Amino acid sequence: MDANQPSIDAAWHERWHVALDMNRDGTVTISDIWAWVPWLYYAPGDLVLLSTITYLPEAAKFLELDTTMLSGRLSGSLSAIFYLLWLVGVYSDHRR
């Protein structure tokens with residue numbers, strides 16, 4: 001593991017720590033709402049990455065996955081696929 005890469009436990013805690021005061025300025029403001037948007041957007045991709053790193057370490061090693069990829073391009077792509085499939089599911093259920 002790279003010295004600059006956070007431990008898996010630290011990454012899990014940091015990623016799933018929910019705080020109303022996301023920018024940690026001491027008060028909840030409109031700025032915090034804008035900070036919630038990417039936190040929510042990247043959640044599905046980050047969950048896949050962290051789960052793979054934690055529970056399938058050999059696969060993560062082969063795919064060169066590490067905790068520095070959280071909220072990155074791969075996570076964003078996985079999240080986009082998740083949300084598109086979710087929207088298709090909602091839309092198809094709505095049409096029935």
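Everything numeric here is computed off the predicted structure, so don't read it as measured data.
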| task | List the steps and the verdict of side-chain contact (heavy atoms from CB on, under 4.5 Å) for Leu87 and Tyr91. | result | CA-CA 6 Å; Leu87 285 173; Tyr91 181 72; over 6 Å; no
Starting from [Y], can I reach [X] by hopping between I/L/V/M/F/W/Y residues whose side chains sit under 4.5 Å apart?
X	Y	result
Val48	Ile81	no
Leu49	Leu56	no
Leu40	Met22	yes
Leu47	Leu85	no
Trp16	Leu20	yes

| Asn23 (side chain) donor-acceptor with Ser31 (main chain) under 3.5 angstrom | no
| field | Thr67 side chain vs Ala11 backbone, donor-acceptor pair below 3.5 Å | value | no
| said: Regarding Ser7 and Asp9, do their side chains bring together a donor and an acceptor under 3.5 Å, going by distance alone? | reply: no
| task | Any chance you could measure Met69, atom CE, to Leu50, atom CG, to the nearest 0.5 Å? | result | 12.0 Å
| Separation between CG of Leu78 and OH of Tyr83, rounded to the nearest 0.5 Å | 12.0 Å
| request: Start with the C-alpha distance between Leu74 and Leu65, add both sets of side-chain angles, then the distance that settles side-chain contact (heavy atoms from CB on, under 4.5 Å), and finish with yes or no. | output: CA-CA 10 Å; Leu74 179 58; Leu65 302 177; 3.6 Å; yes
| query | Is there a side-chain contact (heavy atoms from CB on, under 4.5 Å) between Asp21 and Thr27 once you walk through the steps? | reply | CA-CA 6 Å; Asp21 182 18; Thr27 60; 5.7 Å; no
| field | Residue pair Pro44 / Ser79: nearest heavy atoms and the distance that separates them | value | CD-OG, 3.6 Å
| query | How would you list all residue pairs meeting side-chain hydrogen bond (donor to acceptor under 3.5 Å, both in side chains) that involve residues 35-61, not counting sequence neighbours? | reply | Trp12-Thr54, Arg15-Asp46, Asp46-Ser71, Asp46-Ser75
| message | Taking salt bridge (charged side-chain N to carboxylate O under 4.0 Å, His left out) as the cut-off, I'd like each qualifying pair that reaches into residues 67-79, sequence neighbours left out, listed once. | response | none
